[in-house]
Amino acid sequence: MSMNNQGRPSAIPAGAASFDGVTGTVTGNRGLQIEEPLIFEQDSAGRTGVDLPDVPKVASRLGAVKPRAKVGLPGLAEPQVVRHYTRLSQKNYAIDSGFYPLGSCTMKHNPRLNEKMARLPGFSDVHPMQPVSTVQGALELMDQLAHWLKTLTGMAAVTLAPAAGAHGEMCGIMAIRAAHEAKGDTGRTKILVPESAHGTNPATAAACGYSVDAIPATADGRVDLEALKAKLGPDVAGLMLTNPNTCGLFERDIIAIAEAVHAAGGYFYCDGANFNAIVGRVRPADLGIDVMHINLHKTFSTPHGGGGPGSGPVVFAESLAPYIPVPYVTHGKDGFALVENAGDGLAFGRMKAFHGQMGMFVRALSYMLSHGADGLWQASGDAVLNANYVMARLEDVMTASFEGPCMHECLFDDRFLKGTGVTTLDMAKALIDEGFHPMTMYFPLVVHGALLIEPTETESKASLDQFVDALRALAERAKSGDVAYFQAAPRLTPRRRLDETAAARKPVLRWTPPVVAEALAAE
Ligand SMILES: *Cc1c(COP(=O)(O)O)cnc(C)c1O
C-alpha cells in the first residue's frame with residue numbers, strides 16, 4: 001500500500017479495488033466522513049488564497065543573511081483551508097455532540113447564557129494592568145463570585161487565582177506549609193493521601209516537597225479510619241482527601257477523619273473537584289475541612305477538556321485564611337480594590353501573574369445566579385439521581401464495585417468479564433462503535449479493570465436509557481463468548497485499534513517533506 005511519510009495510506013494500492021481494504025471505498029471516505037490528508041499534503045505550488053500585487057524590487061536589508069531555502073508553507077485556496085479545518089473540527093467528539101460519561105471529570109452541558117455573559121465587552125476586553133478605577137465592574141463580579149463560593153462552602157476566605165484544579169491543590173498545600181512554618185513546626189514532612197486519590201493529589205504533595213504516604217481503603221471503598229489514625233503523628237503536615245471520593249462515594253467518617261487529623265496537629269485538605277455532587281446540600285466547612293479547591297469548570301459551567309481554560313478557586317477556613325495568596329478583592333467606601341500585598345507578611349505569595357481566569361469567573365457567577373439556590377440544589381440532586389439510575393439499570397449484568405447507592409458517579413469493575421476473554425478496554429472500544437465516548441477506564445486503581453461512569457445532571461432519561469441499553473447488550477454479548485467481536489472493535493471509526501502506548505510515547509508531531517524524508521532514509 002502506498003503510505004505517506006506519517007504511515008497513513010495516501011492512495012489506492014496498485015491492483016486493489018479500494019483505498020485501504022477496510023472501508024471498501026475508492027476514496028477512503030466513509031459516507032460523509034472524509035479521509036483528511038494533512039494540510040501539507042494538499043499543497044499545490046503557487047496556489048494561494050489572496051491576490052497580492054507584484055512585489056517591486058527592493059534592495060535586501062538583511063545584509064549577508066540570505067534565505068537558504070523556501071519556507072515550505074503549503075499553497076492552498078481559501079475553500080480548501082476552510083474545508084480542512086472544518087472537517088478537523090468535526091473529528092472532535094465533544095459534550096456538544098453527544099453523551100460523554102467520563103468519570104471524575106464532569107463533562108456536562110454548559111448553558112449558552114454563560115458564554116454570552118463572558119463575551120460582554122466590559123468583561124472580555126479588560127486588561128489586567130488597567131487602573132482599578134476603570135474595572136470596578138469586573139472587580140465587583142469577582143467579589144460577588146467570592147461571596148457565593150464562601151457562602152456555598154461555609155468558608156472564611158477564597159482565592160480566585162489558581163488556573164486549574166491541580167493548581168488549586170498546590171495553592172492549598174503551600175498554605176498548609178506556610179501555616180506550619182509560621183508556627184515554627186518544621187518537622188512535618190509527610191502528606192497522607194488515600195489510595196483512591198486522583199493522580200494530581202500525590203503529585204501536588206510531592207511537588208511541594210512532601211513525601212506521600214498512601215492510606216488503604218476499606219472493603220466498602222472509603223478511607224480506613226484506623227489505618228489513617230495509625231499513620232498520624234508529628235511528622236504529618238496534612239491529609240489530602242477527595243469527597244465525594246473517586247469511587248463516587250461519600251466519605252461517611254469525614255468528621256471523625258477531620259478530628260483525628262486536627263488532633264495530630266495536621267491540616268485537612270479536601271479535593272473538592274466533585275463539589276457538583278454536594279453543592280447546595282453540604283457545606284465543606286461544617287465537615288472540618290481547612291482548605292479545598294473547587295473546579296469551576298466541573299461544578300459551575302465552562303467547557304473544558306482539550307486544554308481548558310480551567311479555574312480552581314481555593315476556599316480557606318479561619319485556620320488557614322491568614323495565609324491566603326495575593327491578590328484578592330476588597331470592598332471599601334471608595335469602591336473595590338485589589339490587595340496585591342497583604343502587609344502582614346503571612347500570605348505565602350501569589351499563584352500566577354494577575355488575578356485568574358476572568359472569563360470563567362463570569363461563566364461561574366452567571367451559572368450560579370441563573371440557577372439560584374434551588375437550582376444548584378437540584379443540579380447536585382439530579383447528578384446523583386442519574387448516576388444511581390445508571391448503576392441500578394446495569395447492576396444485574398455488570399459488577400458494581402461497592403454495595404449501596406453512589407454519589408455523582410458509579411463504579412464497576414471487570415469481575416463480570418471474568419472468563420470471557422473480553423477486557424475493560426475491549427468494552428470501551430465496542431462502546432465507541434455504538435456512538436458513545438467511553439467512560440473512564442482503569443481508574444480508580446483500587447478496583448480491578450475499573451469502569452467509572454459520571455452521567456451528570458444534564459442527561460435526559462432517554463439518553464441514559466440508550467447508553468444503558470448499549471452497555472447491557474455489550475455485557476451480554478461478552479458473556480455469550482463473542483470475543484472476536486470485541487477484539488475487532490472499533491469497526492466504524494476512521495482508525496481502528498491504535499497502539500495507544502506508542503501513540504502517547506512516540507507521537508509523530510512533525511511533518512517531514514517527502515524529499516527530506518527520502519534523503520533521511522537513504523543516509
Ligand atoms: C479533575 C480533578 C482534578 C484536577 O483538576 P484539573 O482542573 O484538571 O487540574 C483533581 N482531583 C479530582 C478528583 C478531579 O476530578
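Order of appearance sets the numbers: ligands from 1, and atoms from 1 within every ligand. These numbers were taken from a predicted model, which means no experiment stands behind them. If you read the sequence from its start, that first residue is 1, and numbering goes on from there. Keep in mind that the numbers below use all heavy atoms, side chains included, and drop hydrogens, waters and symmetry copies.
Distances below 4.0 Å separate heavy atoms of A273 from the following atoms of ligand 1: 2 (C), 11 (N), 12 (C), 13 (C), 14 (C), 15 (O). Per-residue contacts place A164 under 4.0 angstrom from the following atoms of ligand 1 (heavy atoms of the residue considered): 7 (O), 9 (O). Using a 4.0 Å cut-off to heavy atoms of E169, the atoms of ligand 1 that qualify are 10 (C), 11 (N).
Remark: aromatic rings of Y267 and H180 are close, center separation under 6.0 Å. Ring pair Y100/Y93: centre-to-centre distance below 6.0 Å. When ring centroids are compared, F467 and F99 come within the 6.0 Å threshold.
Using a 4.0 angstrom heavy-atom cutoff, S104 counts as in contact with ligand 1. Ligand 1 has no atom lying under 4.0 Å from any heavy atom of H304.
Between the side chains of D465 and Y389, at least one donor N or O sits under 3.5 Å from an acceptor N or O. Between the side chains of N243 and E251, no donor-acceptor pair is found at a separation under 3.5 Å. With no hydrogens or angles considered, a side-chain donor-acceptor pair links T106 and E454 at under 3.5 Å. Using modelled atom types and a 3.5 Å distance limit, the side chains of D290 and S319 yield a donor-acceptor pair.
Looking only at heavy atoms of the protein, atom 2 (C) of ligand 1 is closest to K298 NZ, 2.4 Å. For atom 9 (O) of ligand 1, the nearest protein heavy atom (residue, atom name, distance) is A166 N, 2.8 Å. Looking from atom 6 (P) of ligand 1 to the surrounding protein, the closest heavy atom is G165 N, 3.4 Å. With respect to atom 11 (N) of ligand 1, the closest heavy atom belonging to the protein is D271 OD2, 2.5 Å.
Within 6.0 Å of the NE2 atom in H448, the count of heavy atoms belonging to other residues, nucleotides or ligands does not exceed 12. Atom CD of Q466 has 12 or fewer neighbouring heavy atoms from other residues, nucleotides or ligands inside a 6.0 Å radius.
Proximity of H167 to ligand 1, defined as any heavy-atom pair under 4.0 Å, is not found for any part of the residue. Residue T106 does not touch ligand 1, judged by heavy-atom distances below 4.0 Å.
Checked by distance only, ligand 1 and N295 come closer than 3.5 Å through their nitrogen or oxygen atoms. For a threshold of 3.5 Å applied to N or O pairs, the pair formed by N201 and ligand 1 contains no separation below that value.
Taking only non-hydrogen atoms, the option from T200, L102, N274 nearest to atom 10 (C) of ligand 1 is T200.
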